[in-house]
Amino acid sequence: MAGTSASPVREAAGVMQVSPLAVSIEGRRRLLGDTPAALILIAPVIVLFAVAVVYPLVETIRLSFWDIQGLRKPSFIGFGNYVRLFSDAAFRSTLLTTLIFTIGTTVISVSIGWTLAMTCAFAPRQTLPFRVMIFAAFGISEAVSGYMWIGIYRADAGGLLNSLIQLFGFSGFSHAWLGDANTALWALIIAASWSGVGLPLMLIFAAIQAIPKSVLEAAYMDGAKPLSTMRHIMMPLSMPGVRVAVFINLLGALRAFDIIYILTGGGPVRSTETVGYFMYRESMTQFKLGYGAAATVILLLAVLIVSIPAIIQRTAGAK
């Protein structure tokens, strides 16, 4: 009697239990069945990516191993362009200029954006129009921004900066800001940083808004002053937004071209020439396509080096 009553229970239990192997096989079957449809859906993206990114990249790397100058017959020289690049004093100076420009614009824009984000966090609603106006500068193209800053830096009395200097009685400090090799790079850094503040402001402000309200309320109840709250709570807990802002601004500074072309054209005396502009000058004005392609590869390697920490962090987070 007991045996007959236990049998249905065992059968029911057997129906409920599913072998892990069976689950794995079924999952693989479904995956294989969905693969053709998935490939068809992503095929246009793959083709577009190959045409717009992969092919130009491969072609640029290929050209960097050739000596191509104007209409002269191309000749294969291997790593000759790279050897020539690093023996070129102008290119070494360009590397230093690129480093100063990249670090300068990133530090200024992220620092100002970080400070404004923490300040605005104390009154989010009241500072909304203020944040929108600052972020709007990020949406302005570099060319438009460059022409605007030309009006500010003009050497004559029509320049806004020199006009303000004379207005306050410091006419001796009027200067050709973009015409002097000693001031042109720093004037360019300030102009590029102006349009780069908006993105760090919004990213860091979003990170601060994600801080639990209980933490800020506890600090307020303990009598923490605003500066102490910013230093000991907002700054450490907003670091995820800061890291993203630094990464994006570094990449933007490395590939900067338009604002340099508009404001200084790499001058005076190539004092504001970055790797991106060096590439343009050698390829498009000197017609040294292989030499310019080698400079492009160097710039690509710099971008990859900057990107590696962010890629590692995102990969570790995914795991």
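Here the structure is a predicted model, which means the values were calculated and not measured.
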Could you tell me whether a side-chain N or O of [X] sits under 3.5 Å from a main-chain N or O of [Y], the two making a donor and an acceptor?
| X | Y | value |
| --- | --- | --- |
| Trp114 | Ile112 | no |
| Ser141 | Val144 | yes |
| Ser195 | Ala192 | yes |
| Arg131 | Pro124 | yes |
| Tyr277 | Gly265 | yes |
| Ser64 | Ile61 | yes |
| Thr272 | Gly267 | yes |

Handout entry: Nearest heavy atoms of Ala253 and Phe101, plus distance in Å
Key =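 Smallest heavy-atom distance, with atoms named: O-CE2, 3.5 Å.
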Practice task
Output yes when Arg72 and Asp67 qualify as a salt bridge under the 4.0 Å nitrogen-oxygen rule, no when they do not.
Solution key: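 So Arg72 pairs with Asp67 through a salt bridge.
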Exercise for the section: Output yes when Arg92 and Glu273 qualify as a salt bridge under the 4.0 Å nitrogen-oxygen rule, no when they do not. Expected result: no
Practice task
Starting from the C-alpha separation in whole Å, work towards a yes-or-no answer on side chain to side chain contact (heavy atoms under 4.5 Å, CB included) for Phe135 and Leu201.
Solution key: CA-CA 8 Å; Phe135 186 73; Leu201 168 62; 5.8 Å; no
Practice task
Give, for atom CG of Asp222 and atom OG of Ser228, the distance between the pair rounded to the nearest 0.5 Å.
Solution key: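 If we round to the nearest 0.5 Å, Asp222:CG and Ser228:OG are 11.5 Å apart.
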